[in-house]
Amino acid sequence: MINLFALSIITSANAYTLIREVTDISEISELVKTYCSEMEIPFPVEEYQQRVTKVKQAMAKQGIALLYCTAPETLFYLVGYQNSWYQAQSPKEWQQLSGVVIAANERTPIFFDREEEEVLVHNHCVGCDVRMYRPKAGISQLEFIVKKLKDEGWLKGKVALEKWSYLPNPAISQMLQCAFEGEGCEVVDGTDIVRELRAVKSPLEMGYVRTAARIADIGMQAAIEHIRPGMTELDVKAEMDYACAKAGGEIAGLPTYVNAGRRSAQIHTLASRHKVMPGDIVQLDLCGVYNRYHVDVARSVSIGEPDPDVARWIELSANAFPVLMKVMKPNCRVSEVNRAVEQYYKEVGIWESRWWIGGYDLGIAFPPDWVGVFQYSEGESSERVFVPGTVVNYESDFYLPKSAGLSAIMDTIVIDEEKAELLSRIPQKLIVVEG
């Protein structure tokens, strides 16, 4: 974590500008002067500036004059902003318009938010001109944003929105689009501009990913050590979450999964008061999180000695990982990886029992999701390649014989310039504990 002591910076306009651009230092409120503390940004200022430069280059290629970013992952990636509440299901009066605006021909992005978040914004945002909406302005937040952008001369030409983000909701997104069109702008989808940049990680990002992997293993090991008959799924989840938190892990984009017995066939069900019983196959799935970078690990645990047929099925599923890693290399084709694992599953006779096999990219995530936008799965003949700097998981998920539920063994893979590597140090196999 890079700590920039903002309180001392407030008194110096020149020093403050190195970290955050402001049009007038007098605009900094008394609240910020009182409560601004060490800035919590995980990357050097230069890395954020490089990201914004790359965004502008991508915009230029598409003839986009302005990009309005609203996805939490994008805001964190570009200026370091993170929040626990993005008004996803809020009253209609509280419009979801927080965002970073980048103009292709301007040096500094503008960050818009409401005055209630002013202290948080000034502790978490870097390299941007902060504009806080205050209701006393006598206009709506949307009118405030449009006026500021118009005054800057930014509302000219093609404007891009992150239309595939869940924020803002469809009603507000339509209002935003109509407002820009009312100013004579053409509005297009710019979702993939930042998503594609985020997919390839920098060396420092890769370091955070590896730390997240260590945290994930600590959480999984806690479950293996503590799980016993009579515990509820929530008991086991609590042990996993506690261990991750003690290791420095943050709140994950999805909840930790613990599904016991036949409930494991409902792979996305929430942990409950259902008790773990002798003979159960228990499905465990969690992400270690460090500076919002996620690493996924899932294992199947048998409470006592498993049925031989069930154990064999899980072993065959787990044995796909050595096959996968023989073909997974920097710049190998997605279609090549998919063919190799499909051939293996068919040869060992479990292909028809699959729930899902494949994976997706991992990285920055906030609730309610950690699933990245790039995915590779059965039947995909894509000529896309696994670019160095990519982080993906792989899932080997199969229904089990004798109505034992479902086994899902998952791991996260980093692809660098030289090799692909599994991150978890917990073996990809059925784990048997005392029953």
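This is a predicted model, so every value here is computed, not measured. The figures here come from the full heavy-atom set of this structure, side chains too, leaving out hydrogens, waters and symmetry mates.
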Against the six-membered ring of Trp351, is Arg354 placed for a cation-pi contact (under 6.0 Å from the centre, within 45° of the normal)?
yes
Against the six-membered ring of Tyr77, is Arg51 placed for a cation-pi contact (under 6.0 Å from the centre, within 45° of the normal)?
yes
Any side-chain heavy-atom pair from [X] and [Y] closer than 4.5 angstrom?
X: Cys128; Y: Val100; answer: no
X: Ile409; Y: Arg299; answer: yes
X: Leu362; Y: Val392; answer: no
X: Val414; Y: Met206; answer: yes

Any chance the side chains of [X] and [Y] put a donor and an acceptor closer than 3.5 Å?
X: Asn259; Y: Tyr257; answer: no
X: Asn338; Y: Glu378; answer: no
X: Thr256; Y: Asp241; answer: yes
X: Ser396; Y: Tyr345; answer: yes
X: Glu46; Y: Gln50; answer: no
X: Gln283; Y: Ser407; answer: no

Which atom of [X] lies closest to which atom of [Y], heavy atoms considered:
X: Leu75; Y: Ser98; answer: CD1-O, 4.4 Å
X: Tyr68; Y: Gly99; answer: CE2-CA, 4.4 Å
X: Val236; Y: Ala223; answer: CG1-CB, 4.1 Å
X: Ser353; Y: Trp313; answer: OG-CZ2, 3.4 Å
X: Ile303; Y: Pro229; answer: CG2-CG, 3.6 Å
X: Pro367; Y: Ala252; answer: CG-O, 3.6 Å

Determine, stepwise, if the pair Ser90 / Gln96 fulfils side-chain hydrogen bond (donor to acceptor under 3.5 Å, both in side chains).
CA-CA 9 Å; Ser90 296; Gln96 312 153 328; 5.9 Å; no
Atom [atom1] in [X], atom [atom2] in [Y]: separation rounded to 0.5 Å?
X: Arg263; Y: Thr269; atom1: CZ; atom2: OG1; value: 4.5 Å
X: Gln95; Y: Gln87; atom1: CD; atom2: CD; value: 11.0 Å
X: Thr108; Y: Gln49; atom1: OG1; atom2: CD; value: 8.5 Å
X: Ser424; Y: Ile413; atom1: OG; atom2: CD1; value: 11.5 Å

Aromatic rings [X] and [Y]: how do their planes relate, parallel, tilted or perpendicular, breaks at 30° and 60°?
X: Phe386; Y: Tyr376; answer: perpendicular
X: Phe43; Y: Tyr293; answer: perpendicular
X: Phe321; Y: Tyr394; answer: perpendicular

For a ring pair (Phe, Tyr, Trp, His ring centres under 6.0 Å) check, start with the C-alpha distance between Phe144 and Tyr133, then their side-chain angles and the critical distance, and finish with the verdict.
CA-CA 7 Å; Phe144 169 80; Tyr133 169 67; 5.6 Å; yes
Would you call [X] and [Y] a salt bridge, using N to O less than 4.0 angstrom?
X: Asp235; Y: Lys237; value: no
X: Arg198; Y: Asp192; value: no
X: Arg210; Y: Glu205; value: no
X: Glu233; Y: Arg273; value: no

Between Lys56 and Lys54, does the side chain to side chain contact (heavy atoms under 4.5 Å, CB included) criterion hold? Intermediate values first, please.
CA-CA 5 Å; Lys56 291 179 182 178; Lys54 290 178 180 179; over 6 Å; no
Within the side chain of Thr412, is there an N or O that forms a donor-acceptor pair under 3.5 Å with the backbone of Asp296?
yes
Does Asp113 reach the main-chain N or O of Met132 with its side chain, forming a donor-acceptor pair under 3.5 Å?
no
Kindly check if the number of other-residue, nucleotide or ligand heavy atoms within 6.0 Å of NZ (Lys246) is above 12?
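Result for NZ/Lys246: open.
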Ring pair (Phe, Tyr, Trp, His ring centres under 6.0 Å) between Trp356 and His268, intermediate numbers included
CA-CA 12 Å; Trp356 192 70; His268 291 145; 9.5 Å; no
Step-by-step side chain to side chain contact (heavy atoms under 4.5 Å, CB included) determination, Ile314 to Leu400:
CA-CA 8 Å; Ile314 297 174; Leu400 298 171; 3.5 Å; yes
Test side chain to side chain contact (heavy atoms under 4.5 Å, CB included) on Glu395 and Ser377; report intermediate values, then the result.
CA-CA 9 Å; Glu395 302 189 15; Ser377 57; over 6 Å; no
Start with the C-alpha gap between Leu142 and Leu176, add the side-chain angles, then the distance that decides, and say whether side chain to side chain contact (heavy atoms under 4.5 Å, CB included) holds.
CA-CA 7 Å; Leu142 178 57; Leu176 189 61; 3.5 Å; yes
